[in-house]
**Q** 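I'd like to ask you about the structure that follows.
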Amino acid sequence: MKIGKLSFSKLCTVLVFVFLYAPIFVLIANSFNASKSRAIWTGFTFEWYEKLFHNEIILTSLMNSLIVALVAAVVATILGTAAAIGIHNMNSVLRRFIMSVTNLPNINPEIVTGVSLMLLFVGVNMEFGFTTLILSHIVFCVPYVILNVMPKLRQMNTSLCEAAMDLGCNHWQVFRKVIIPEITPGIITGFLMAFTYSIDDFVISYFTYGAKAQTLSITIFSMTRRKVSPEVNALSTIIFVVVLAVLLIVNIIDIKKHKKEARR
Amino acid sequence: MNKKAKIAAFPYLIWMAVFIIVPLALIVVFAFTTTVTVDRDGNVLTPEEVAEAEAAFWEENGEDADIAELGFGEKTVFTIQNILDVSKYMNTLLNSIWLALIATVICLLLAYPVAYFISRLHFTKQKVMLMLAILPMWMNFLLRTYAWMTILERNGLLNQLFSLVGLGPFQMINTQGAVVLGMVYNYLPFMILPLYSVMTKIDSRTIEAAQDLGANNIRVVGRVILPLSMPGIASGITMVFVPAVSTFIISRMLGGGTNMLIGDLIDLQFLGNAYNPNLGAAMSLVLMVFILLCMSITNSIDDQGTEVSMI
């Protein structure tokens with residue numbers, strides 16, 4: 001699809017990338033802007049970064065987000081992996097029904113899931129706080145684990161299990177020595193997806209958090225309502241750098257692995 | 001192995017019942033019920049009658065008397081009024097759908113060439129470009145929307161650039177256009193990914209074969225690439241339209257208080273000033289049914305039944 005040297009799709013790609021990154025670079029630039037106003041540049045400063053690190057609220061909510069994400073992801077991984085193994089061995093009618101219900105939190109708009117969970121917690125008179133937050137996060141994390149482990153189970157060679165049992169393994173040993181190693185990539189991917197979606201979540205947290213258990217997204221939301229918050233820009237820049245570093249590392253490992261396999 | 005393994009799913013099944021089915025059932029229940037005040041004999045009282053009775057009571061017994069002596073209680077009754085009330089907000093619902101549709105179409109038009117371009121690159125470059133395309137997605141959703149507030153304000157960057165060439169300051173933020181822009185910006189990577197995923201499976205030789213047989217570029221796109229990328233298009237449309245139609249953050253941050261979408265309305269019923277969980281549940285139910293309808297339509301179009309998985 002080339003029209004001269006610059007093809008149409010290449011041009012589009014460049015424009016779209018500019019569109020995607022322009023606001024981010026504005027945030028990054030503004031994080032060093034000495035002026036509180038977001039449009040006038042008065043000088044270079046690290047002041048906002050310093051303020052950020054002394055901002056108790058932000059640091060606490062960051063810690064909260066990490067704790068919630070970690071707990072939710074771990075519980076979701078255990079629950080989801082067990083579920084995937086169980087569902088995999090069910091007949092197809094039951095399996096399809098359970099998978100449809102499992103996909104409901106994903107298909108539903110987040111606001112509906114969030115509201116429904118809020119009604120549940122209000123209905124049982126549970127106090128809104130860490131418990132409600134973590135429970136809600138597990139709800140939308142488990143489907144990701146199941147969706148990542150199931151394909152691995154399907155791809156697994158069942159003769160391996162039978163061979164292991166022929167050689168004398170009981171069920172637990174088959175599980176530990178044959179099944180787990182086969183599905184581990186799915187478990188890891190599921191865990192990472194769960195963790196990532198939990199850290200970034202806003203809508204569900206918005207309906208299920210408590211005053212003492214605010215996640216980073218909630219704090220950012222309340223900060224952006226009050227128009228003057230240059231620390232938010234500093235926060236954005238740090239998040240951007242961290243995410244960039246993580247993605248770079250993952251990709252470099254991936255490329256190296258691919259090159260190694262290509263050489264064989 | 002098989003029979004015993006089923007037990008492994010039992011904890012999850014209990015979880016599923018409690019945390020997925022019950023909450024949704026609650027929404028249905030709340031949508032079809034409302035709480036009314038009843039007097040001692042069980043007669044339903046309107047809010048005006050309640051206010052009258054309370055005022056009379058206080059007049060008789062003094063301001064400090066315990067209102068509980070009146071014997072009024074609360075009862076939950078079945079009603080379809082909530083669902084009917086949702087029709088009062090039909091404008092907002094239709095507006096949300098309309099804006100989400102525009103945003104989805106724009107995302108599709110922008111993402112299609114990008115996904116195609118990346119899918120034709122050399123493997124290493126593909127990974128890098130893909131990573132760059134989804135990097136914004138990993139940044140916090142709110143921060144990304146907040147970034148546009150900075151750019152679109154009256155003294156924001158865009159208006160500053162415009163003033164350099166003598167164009168007056170435009171009102172860009174707090175408009176419907178800003179909301180659509182926010183939707184497109186936030187959900188574009190969700191359209192690029194499924195499209196890319198499908199396009200990598202399109203063998204270049206297929207395209208070359210079409211060109212060898214005399215097809216010009218438009219025909220190649222229309223008759224080869226487009227049909228083969230349908231599963232990705234269906235997937236991408238779902239991943240953009242559903243969050244776009246139900247968002248309330250984007251409309252609040254970029255649309256000001258005036259451009260309300262259905263998400264804002266639901267939010268108001270539960271956590272806002274107009275506390276009415278029954279109406280909110282009814283709106284959520286309507287929204288959910290609408291989304292499920294859309295998805296079954298999309299699924300029937302994509303009759304290959306191919307599921308596009310992400311990364």
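Every chain is numbered from 1 and lettered A, B, ... according to where its sequence line falls, protein lines coming before strand lines.
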**Q** Would you name the heavy atoms of B/Ile20 and A/Pro105 that are closest together and state the gap between them?
**A** CD1-CG, 3.8 Å

**Q** Please identify which of these residues, A/Val122, A/Leu120, A/Leu117, meets the side-chain contact (heavy atoms from CB on, under 4.5 Å) condition with B/Leu26.
**A** A/Leu120

**Q** I'd like to know if the side chain of B/Tyr185 and the backbone of A/Leu20 have a donor-acceptor N/O pair within less than 3.5 Å.
**A**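 Confirmed, B/Tyr185 side chain pairs with A/Leu20 backbone.
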
**Q** Would you call the rings of A/Tyr197 and B/Trp138 parallel, tilted or perpendicular, taking 30° and 60° as the class edges?
**A** perpendicular

**Q** Measure across A/Asn108 and B/Met288 and return the closest heavy-atom pair with its distance rounded to 0.1 Å.
**A**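 Heavy atoms only, the tightest pair is OD1-CG, 2.9 Å.
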
**Q** For A/Ile146, is it the side chain, the backbone, both or neither that has a heavy atom under 4.5 Å from a heavy atom of chain B?
**A**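 Answer is side chain: those atoms of A/Ile146 sit under 4.5 Å from chain B.
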
**Q** Quick one about B/Tyr112 and A/Ser9 (side-chain donor to acceptor, distance below 3.5 Å, no hydrogens or angles considered), yes or no?
**A** no

**Q** Are more than 12 heavy atoms from other residues, nucleotides or ligands located less than 6.0 Å from atom CZ of A/Phe97?
**A**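 No, not enclosed.
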
**Q** With respect to chain A, which residue among B/Val22, B/Ile249, B/Val29, B/Ile118 yields the maximal number of heavy-atom pairs within a distance under 4.5 Å?
**A** B/Ile249

**Q** Measure up the A/Phe207 and B/Phe270 rings against each other and bin them: parallel (under 30°), tilted (30 to 60°), perpendicular (over 60°).
**A** perpendicular

**Q** I need the B/Ile14 CD1 to A/Leu79 CG distance, nearest 0.5 Å.
**A**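 So the gap between those two atoms works out to 10.0 Å.
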
**Q** Kindly say whether the aromatic ring centers of A/Phe17 and B/Phe117 come within a distance under 6.0 Å.
**A**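 So the answer is no for these two rings.
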
**Q** Of the listed residues (B/Thr145, B/Leu271, B/Thr124, B/Val245), which shares the most heavy-atom pairs with chain A below a 4.5 Å separation?
**A** B/Leu271

**Q** Identify the heavy atoms of A/Ser236 and B/Leu143 that sit nearest to each other, and give their distance.
**A** OG-CD2, 3.3 Å

**Q** Is A/Leu94 in contact with chain B via its backbone, its side chain, both, or neither, using a 4.5 Å heavy-atom distance?
**A**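 Contact with chain B is absent: no heavy atom of A/Leu94 under 4.5 Å.
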
**Q** Just do the side chain to side chain donor-acceptor pair (under 3.5 Å) check on A/Thr13 and B/Tyr116 with the steps written out, would you?
**A** CA-CA 9 Å; A/Thr13 310; B/Tyr116 178 74; over 6 Å; no

**Q** Find the one option among B/Pro189, B/Pro243, B/Ala133 whose heavy-atom pairs under 4.5 Å with chain A are most numerous.
**A** B/Ala133

**Q** Taking A/Tyr21 for its side chain and B/Leu132 for its backbone only, find out whether a donor-acceptor pair lies under 3.5 Å.
**A** yes

**Q** Which answer fits A/Phe121, side chain, backbone, both or neither, if we ask what part of it has an atom under 4.5 Å from a heavy atom of chain B?
**A** side chain

**Q** For B/Ser246 and A/Pro109, which heavy atoms make the closest approach, and how far apart are they?
**A** OG-CB, 3.3 Å

